[in-house]
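Working notes, structure below.
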Amino acid sequence: MPNGSPGALATRFDPGAVEAEGWKRWNEARAFESEVDPDGSPRRGGHPEREPFTVVIPPPNITGRLHMGHALNNTIQDVLVRYRRMEGRDALWVPGTDHAGISTQTVVRKHLDSQGVDYRALGRDEFIARVWEWRERYGGVILEQLRKLGCSCDFRRTRFTMDDGLSRAVRTVFKALYDRDLIYRGKRVVNWCPVDRTALSDDEVETAPDGEPGHLWRIDYPLFDEPGKRLTVATTRPETLFGDVAVAVHPEDHRYRAFVGKQVLLPLTGRAIPVITDSAVDRNFGSGCLKITPAHDPHDFEIGQRHGLEPRNVMHEDATLNDAVPEPFRGLDRYRAREEAVAALDAAGLLQKVEPHRLPLGRAQRSGAPIEYRLSDQWFVRTRPLADRALRRSGWELGDEGWEKKSAGELRFHPARFEQLYARWLIGIRDWTISRQIWWGHRIPAWHHRETGEVLVGVNPPAAVQREPDAWRQDEDVLDTWFSSWLWPMSTLGWPDEHTPDLGRYYPTSVLSTDKGILFFWVARMNFAGIEMTGRLPYRDVYIHPTVLDERGAVMSKSKGNGVDPLAVIEGATLDELKRPVLEARPSNMGDLLRRVERNFPQGFEGVGADALRFTLVRLCSEGQEMRLALSKFHEIGRRFVTKLWNASRFALLAIEGVEESAPASAPQPEDRWITSRVAGCAQETRNALERFDFAAVGSLLYRFVWNDFCDWYVELAKARMRSAPESARRTAATLGLVLADTLALLHPVTPFVTEHLFGQLLPAMDRKGLWSETHPESALLARARFPAADAPRDPELETDFDALRRLVSGVRKLRADTGLPPDLPLPLAVKESPARPGFGALLTGCSGPVRAVARLESLSVLSKERPWSFGAASAGSNQVSIVDPAFEARTPLDGKLDPAAASARISTQLKRIRSQAAAARKRLDNRRFVERAEPAVVAEQRNRLEALSDQESRLLALAEQFTGRFENGAPRSSHEGA
RNA sequence: GGGCGAUUAACUCAGCGGGAGAGUGCUACCUUCACGCGGUAGAAGUCGCAGGUUCGAAUCCUGCAUCGCCCACCA
């Protein structure tokens, strides 16, 4: 320690050192291990009787790097977990990572590309081996980053979605759902990504809100019998014409009645196709004739099925045209083929018209490539029965009017409005495509007979397959990543083994905290799996955190280069490091972003540490759905606050070091009882806010308590007392230490590192001086200490009186400012309590010494109502200035030090304000209907208020008498009556 | 097209039926022995617009405007 004495705190807070020390102590104490080990035996010295509180982490991708959304979500989880652990629960936070099928395959493929290796040439097994290698090297980075953030996970239980156990869980569910007819295989038109060459679920496809620019081509299809007559179809995809099997018109469309049942000649092919009717056709779009391409459009597929039309697939997996098309077009990419087809149609005189047209173009979430619709054999989860069960668990019932909310349900969303969104999605749910034509993932546990086509499904290869391995082949496809994530709360705790100690004790989990972006992908599906496989929802509460936006309100994303890197916030970054994400993303507003960074952080950004990062996020985490962040906020909010806490703790520790060991402590003074009551109140309110998931309130309660109660008032009052008698100094130091200990505990869930460090200094310092009162902290480690009680006694009367005391001190300061007196001029002051607050005088007498110091008073006389005004040794001169307050009146003599004009202007301003307030109250009370209809308590309150204001007004008027020369009729000349 | 959310001081946001609030920024002053990453005092708002309900509306209802998010998609 640089400051010599053993208990002294470094002058400057060094987050890096404090964070390293924190982890060292927590690891040594195994502070974050649950009370019961995974094998079912109690933790050494643990408390297996404590009620479990379980959170499973939303598993980040192994390819992931910590971004601000992770930082926010994991801070919130850590706040909850640390709070519950301190509150006396057996807290378990299960960490882990997700194998992230397509995403990881893409990353590793690119990694291999950069080494000149073609992944397809490697073959499936070798490629998978390379992915595992990659995962060994880089897959744990994100968990290390979570540690930097301070996450109190039980890292013994770290899981990965491709672990043996979790893989068995996947196969078990697949088999069970297949047996229950909730998984089926079918030939369907699915979303297809031509880049990754795989099917995608509907949820993995994104469409720009206003569509994308394209064209609408009108093409003539000549009648087969009478080539002079033509039907004109309108299409945005002329290249799929080769797959057309019919032209459809609306059954009631009179224009085309004569064509129905005839055949048209499909251009460029010479193939004849029928003209059919289907009511799905919109008569008002284009010409009212729809070309039917069942293999390349989901709607056309449905129409084709209704009419028994055989689909014609005209594309390869990479969206080049296949051999089903005329020779000149074979092998062409779909967009090249489009140009060629249009040119050929034009040359043949069949192109009627081309017009610009915006169309809803689906793109693959991962690759960004426009989706192709592809007819293929895929596996699906039949979601309707699962969604129905989930809806019922949430208290929804299906009636004549459709689904309606009927009862509370078992699942609580925070904020509650997300239940509507969730239910709406469940009501409109469509089957889930779960097969993916990639290599990295859980291979589908189904075997196809090479000759008969029979399909067998098993957790392990079925007996028939084992008997004749050569006659069967395992399905080539793997499962959607979410098919393992949806089991996460169960599988991390040991499912499908029915009776693991973890599953029995820690499942269902308590709270799930997540981003609203994966409400459907993940949360809803976890509910399905939980209900279906265990009969229980996997958690009771779902907290949806706000979306992190940049300072201008845009969603933070890697591709926009506008993200704020949490590690830069914690550890700092040079200017070049701050610019790097922008340069990598190369967004359209790159120059602007770079200039902004250069202007705001020319010297780079000084790291503020994990605590400041966390405090800032918590402080800004309100119930809205957005959180606007700029790098500067972390200085403004988190770092300032942590520094303030550090310095206040320094003061307390210095005070404690300074007390004489032998001195007895005096009885608690009013200010001691006040701050003790305040910290008890802060504990209650903080607990309430945590129970409501109102994190912004938690941040603001703690901020206000530390800054405005503890630092601004208690510490300031304490300074004078530390210089007084040893008994008084000892009492003050004890109170400082006790209140600080509670404060650190209250703050620990939010700012774990700095509070752990400070508590580590405070505890021995208090021990050395014997300053703990009845109770000594049970734990030397704050992480395992008790959260301050919800029922500690409070003294509301004292708190109210103390507010008046604060107004008195502020009033004196304002009086000096108003009247141009130097701020350090000692004033004699006399105070009389008003009848409204009997007891205020006693409080003031009780802490007159410290009050005199903070208000810089020459003397402080507390007078009874009847006594004439007098000012200690000073003469009670005729002219006085006064502070008029509902709780008291305070006066100081003018004594020629003060400008009478300023004093009278002051009275004039105050009168004006009070009269306007009184007028408002009077107006209300004069309204007969208000008096009749408003709640009696409200009316009474207004009466009291008016009375207090009138009292103040008359006192001010009496005071103004002194300046009679400056007033007419008792009112200041410059003021206006009322308001 | 449907749904959800936001609109309050220059900025970021609380407040959600009875006196317009906080932090930042701004102005003036203060080297007070924890902290200038500080302290004290101050200026600053027709609470998006228009109706309605109510004794009373920033707060509840309706409509409109602007911004954001989600879902759907007529080829």
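Every chain is numbered from 1, with letters handed out A, B, ... down the list of sequences.
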(Q) Can you tell me if K923(A) has over 12 outside heavy atoms packed within less than 6.0 Å of its NZ? (A) no
Can you confirm if the aromatic rings of [Y] and [X] lie within a centre distance of less than 6.0 Å?
X       : Y       : result
W646(A) : H757(A) : yes
Y422(A) : F418(A) : no
F695(A) : H545(A) : no

What nucleotide, of [options], holds the atom closest to the side chain of [X]?
X       : options                   : result
Q942(A) : rG18(B), rG39(B), rA34(B) : rG18(B)
V555(A) : rG18(B), rC69(B), rA34(B) : rC69(B)
A817(A) : rG5(B), rU40(B), rA41(B)  : rA41(B)
L290(A) : rA34(B), rA75(B), rG5(B)  : rA75(B)
D282(A) : rA75(B), rC33(B), rU32(B) : rA75(B)
R924(A) : rC74(B), rG18(B), rC37(B) : rG18(B)
N647(A) : rA41(B), rG18(B), rC35(B) : rC35(B)
P823(A) : rC29(B), rG18(B), rA34(B) : rC29(B)
K719(A) : rA75(B), rU12(B), rA34(B) : rA34(B)
R723(A) : rC70(B), rA75(B), rC33(B) : rC33(B)

Q) Where do D202(A) and R430(A) land on the salt bridge (charged side-chain N to carboxylate O under 4.0 Å, His left out) test, with the steps shown first? A) CA-CA 9 Å; D202(A) 293 337; R430(A) 291 190 287 177; 3.5 Å; yes
Taking a pair as Watson-Crick or G-U wobble with both distances under 3.5 Å, which nucleotide is matched to [N]?
N       : answer
rU59(B) : none
rC29(B) : rG39(B)
rU54(B) : none
rU7(B)  : rA65(B)
rG45(B) : none
rC13(B) : rG21(B)
rG1(B)  : rC71(B)

Under 4.0 Å, heavy atoms only, any strand: does [X] hit a base, just the sugar-phosphate, or nothing?
X       : answer
W217(A) : nothing
K291(A) : nothing
E941(A) : nothing
T236(A) : sugar-phosphate
E716(A) : base
H357(A) : sugar-phosphate
S632(A) : nothing
R704(A) : nothing
N927(A) : sugar-phosphate
R237(A) : nothing
V715(A) : base
H635(A) : nothing
R552(A) : nothing
T207(A) : base

Q: Determine, for E551(A) against R628(A), whether the closest basic-nitrogen to carboxylate-oxygen distance falls under 4.0 angstrom.
A: no
Does [X] place a side-chain N or O at less than 4.0 Å from the phosphate oxygens OP1/OP2 of [N]?
X       : N       : value
K814(A) : rU40(B) : no
R12(A)  : rC37(B) : no
K644(A) : rG39(B) : yes
R628(A) : rU12(B) : yes
S622(A) : rA14(B) : yes
R640(A) : rU24(B) : yes
T11(A)  : rC35(B) : no
W646(A) : rG38(B) : no

Which whole-number value in Å describes the distance from [X] [atom1] to [N] [atom2]?
X       : N       : atom1 : atom2 : answer
I518(A) : rC69(B) : CD1   : P     : 19 Å
L361(A) : rC74(B) : CG    : C1'   : 15 Å
D712(A) : rG39(B) : CG    : C1'   : 9 Å
L620(A) : rA22(B) : CG    : P     : 18 Å
Q420(A) : rC4(B)  : CD    : P     : 8 Å
L359(A) : rA75(B) : CG    : P     : 6 Å
L821(A) : rA41(B) : CG    : C1'   : 13 Å

(Q) Give me the distance, rounded to whole Å, that separates rC16(B) from rA72(B) when you measure between the P atoms they each carry. (A) 35 Å
Q. Are side-chain N/O atoms of Y256(A) and R283(A) paired as donor and acceptor at under 3.5 Å?
A. no
Q | R915(A) and its side-chain hydrogen bond (donor to acceptor under 3.5 Å, both in side chains) partner, picked from E953(A), Q910(A), Q952(A) | A | E953(A)
Q | Expected output: side-chain D694(A) to main-chain A689(A) donor-acceptor under 3.5 Å | A | no
Q: Kindly determine whether D244(A) and Y221(A) satisfy side-chain hydrogen bond (donor to acceptor under 3.5 Å, both in side chains), including the steps that lead there.
A: CA-CA 11 Å; D244(A) 286 3; Y221(A) 285 27; 2.6 Å; yes
